[in-house]
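Data first, discussion second: the structure below is written as structure tokens.
Reckoned from all heavy atoms, side chains included, excluding hydrogens, waters and symmetry mates. None of these values were measured; they are calculated from a predicted model. By convention in this document, chain letters (A, B, ...) are assigned in the order of the sequence lines, proteins followed by strands, and residues within each chain are numbered from 1.
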Amino acid sequence: MENNEDIKPSNFIKNIIRKDLAEGKNDGRVHTRFPPEPNGYLHIGHAKSICLNFGVAEEFGGRCNLRFDDTNPLKESVEYVNSIKEDVKWLGFDWGEKEFYASDYFEKFYECAVQLVKDGNAYVDHQSPDEIKENRGTLQEPGKNSPFRDRTPQENEKLLEQMKDGKFADGECVLRAKIDMSSPNINMRDPIIYRISHTKHHRTDEKWCIYPMYDFAHGLEDSIEGVTHSICTLEFEDHRPLYDWFLEKLGVFHPQQIEFARLNLTYTVMSKRKLLTLVQEGYVSGWDDPRMPTIAGLRRRGYTPESIRNFSEMIGVSKANSKVDFAQLEYCIREDLNKKAQRVMVVTDPLKVVITNYPEDKEEMLDAENNPENEADGTRQMPFSRVVYIEKDDFMENPPKKYFRLSPGNEMRLKHAYYIKCEDVIKDENGEIVELHCTYDPKSRGGWTDDGRRVKGTAHWVSVKHAIKAEVRMYEHLFTIDNPDRRKKGEVFTDNVDPESLKVVTAYAEPFLSEVQPMTHYQFLRIGYFTSDKDSKPGKPVFNKTVGLKDTWAKKQASSG
RNA sequence: AGGGGUAUAGCCAAAUUGGCAAGGCAUCUGGUUUUGGUCCAGUGUACUGCAGGUUCGAGUCCUGCUACCCCUGCCA
């Protein structure tokens, strides 16, 4: 029976692999790869791909390569290489003893290009970029053959060598595959194999001034590494015939390309270009801003690797374009942190409560459990005294029905402390409530009496005398609408950024929170999960709101009000 | 003279060779609770995009539609 719970959901890619295995393809090997281009930070959509590729390899006893698809030095850098490695590692995946780089195969790519030329399958085209574009045709009309299309293999071989040797300027000519300028698939209209770019590469430096295009390089990379199942996103479906064409013409090991739908999430954007815009135009503080859907952002927000892996498993894999509700991601982090996060008391919007019958000078330490979900986490001690803060929300002068919290003449429990009863409401000259006078029941120490009294409401609190101040960054969705790409004429997607998606508050916390290690997860009791930020300094903790607790009371209020 | 894809509940998404349409998220309702959290139990007329056809039987097979997504970088 318990096996049933461990069965992971199936998907069409696993079905293909199972079938291949059953048919004895690839000698029973399963080999995948995760091939990021180091031109930006990884985001939650990449996490889906990482989990898929590494997950499938693991499930079928295969391997998964981490490979940097670094064929365009203009856009790539080591900064991105390093961030990608860090993120993949953090997610919990191990790519083995070596990492792979397309740039390690540049020599091999060149040899393959020479072979294509010799076989009459490629030619050097001296048309200008504009001419090439012009002659490519349109979606409805076929393209026109280049006037250089019929150069002899000997001539092409010589020209290709000159390209490699830097005899030409950028854009002066390209190497093209000789396929079919009238193909209904535009990718097959003599696609470019090599372009000239006198650009320094972050790994090969100035060794090369010609760089291979994706379509030529990618299948070869897969082939060289013995990849069996080359999993990519839907937009490459049109490229598959080309992927296959190169491998066939070259007569090398032929991996199978399989496409799946990339992840979309509500209330955020996922394209590298848009994420870059958010960073460059200052809508966020950087790639790791906790509102960003980047791995680095989610990590800083307080998401755990387990929660993201679980999310990836949960949402499944298919070929249908879809948009997953952000609430599903939030469910995953709540589920994980509920088991792990220590509970602490932090008041974010304080209301002073004076307990008039509690001795002026008295202080006492009270036991508080660290996590009701895990008794092994033990207890800690919290100082209590005559004046405490509670949340403003936890008091109402004229409460609606079913309000369990504090109100005039009513009793409420201070968690782990005492029952208190509101005797008096103190207001300032504007009528604003500034302070509550309450009495406590000494017999309720620990928050319980055996007299059958029903005190339904329980609130968190901190002792004013002992509390420390903490900076708490309250995050909401970065965008005001679930689909940030929906916009009126003349608007851009950044017009949908919510200027209030970050609110910084000064909160009052239990004293032991004064010194926190960054990246520690807590549950602020009755509020949500919070994670200490790297900006924390000794005595000056900073917390990021990871996600709020479910709040059925607030929901009920909103729907009835 | 276009090509390539996709359609199963509000959102994801399963469904051996055709055989009673899984599961999760969200929602709502109870119960438990020293967190209005967690947990537990329950909660859905899904004409499986539409219209036909084959069949004892169709989400699965056939025909014809419709809607949406992707493709005209010397990006990946």
Gap in Å between the two [atom1] atoms, one belonging to [N] and one to [M], rounded:
N     : M     : atom1 : answer
B:U6  : B:G31 : C1'   : 43 Å
B:U54 : B:G64 : C1'   : 15 Å
B:C61 : B:G57 : C1'   : 13 Å
B:U45 : B:C40 : P     : 24 Å
B:G49 : B:U72 : C1'   : 30 Å
B:A14 : B:U55 : P     : 32 Å
B:C12 : B:A7  : P     : 12 Å
B:A22 : B:C69 : C1'   : 28 Å

Rounded to whole Å, how long is the line connecting atom [atom1] of [X] with atom [atom2] of [N]?
X        : N     : atom1 : atom2 : result
A:Phe524 : B:U38 : CZ    : P     : 19 Å
A:Glu235 : B:C70 : CD    : P     : 10 Å
A:Ile13  : B:A13 : CD1   : C1'   : 14 Å
A:Asn321 : B:G49 : CG    : C1'   : 16 Å
A:Leu525 : B:U38 : CG    : C1'   : 12 Å
A:His218 : B:G73 : NE2   : C1'   : 18 Å
A:Asp222 : B:A76 : CG    : P     : 15 Å
A:Asn11  : B:U16 : CG    : P     : 13 Å

Any donor-acceptor pair under 3.5 Å joining the side chain of [X] to the base of [N]?
X        : N     : answer
A:Asp551 : B:G36 : no
A:Glu373 : B:G37 : yes
A:Arg405 : B:G36 : yes
A:Arg343 : B:U35 : yes
A:Gln140 : B:U72 : no
A:Glu141 : B:G2  : no

Between [X] and [N], does any side-chain N or O lie under 4.0 Å from OP1 or OP2?
X        : N     : result
A:Ser183 : B:G3  : no
A:Tyr214 : B:C75 : no
A:Thr552 : B:G37 : yes
A:Arg136 : B:C74 : yes
A:Arg195 : B:G73 : no
A:Arg526 : B:G36 : yes
A:Lys550 : B:U38 : yes
A:Thr138 : B:G2  : no
A:Ser318 : B:A13 : yes

Worksheet item: How far does CG of A:Leu337 sit from OG1 of A:Thr546, to the nearest 0.5 angstrom?
Response: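 Separation between the atoms: 6.0 Å.
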Discussion item. To the nearest 0.5 Å, what is the distance between OH on A:Tyr214 and OH on A:Tyr243?
Written reply: 8.0 Å
Now, which nucleotide makes the Watson-Crick or G-U wobble pair with [N], with each of the two distances under 3.5 Å?
N     : result
B:C61 : B:G53
B:G18 : none
B:U6  : B:A67
B:A41 : B:U29

Are any of the side-chain nitrogens in [X] or [Y] under 4.0 Å away from the carboxylate oxygens of its partner?
X        : Y        : value
A:Glu313 : A:Arg309 : no
A:Glu391 : A:Arg526 : no
A:Lys144 : A:Glu134 : no
A:Lys323 : A:Asp482 : no
A:Asp222 : A:Arg67  : yes
A:Lys319 : A:Glu259 : yes

Discussion item. Taking salt bridge (charged side-chain N to carboxylate O under 4.0 Å, His left out) as the cut-off, I'd like each qualifying pair that reaches into residues 170-193 of chain A, sequence neighbours left out, listed once.
Written reply: A:Asp125-A:Arg176, A:Arg149-A:Asp190, A:Asp150-A:Lys178
Check every strand shown and say whether [X] touches a base, only sugar-phosphate, or nothing at a heavy-atom separation below 4.0 Å.
X        : answer
A:Val174 : base
A:Ile315 : sugar-phosphate
A:Asn15  : sugar-phosphate
A:Val317 : sugar-phosphate
A:Thr266 : nothing
A:Lys272 : nothing

Response to the item:
With syn meaning chi within 90° of zero and anything else anti, the base of B:G31 is anti
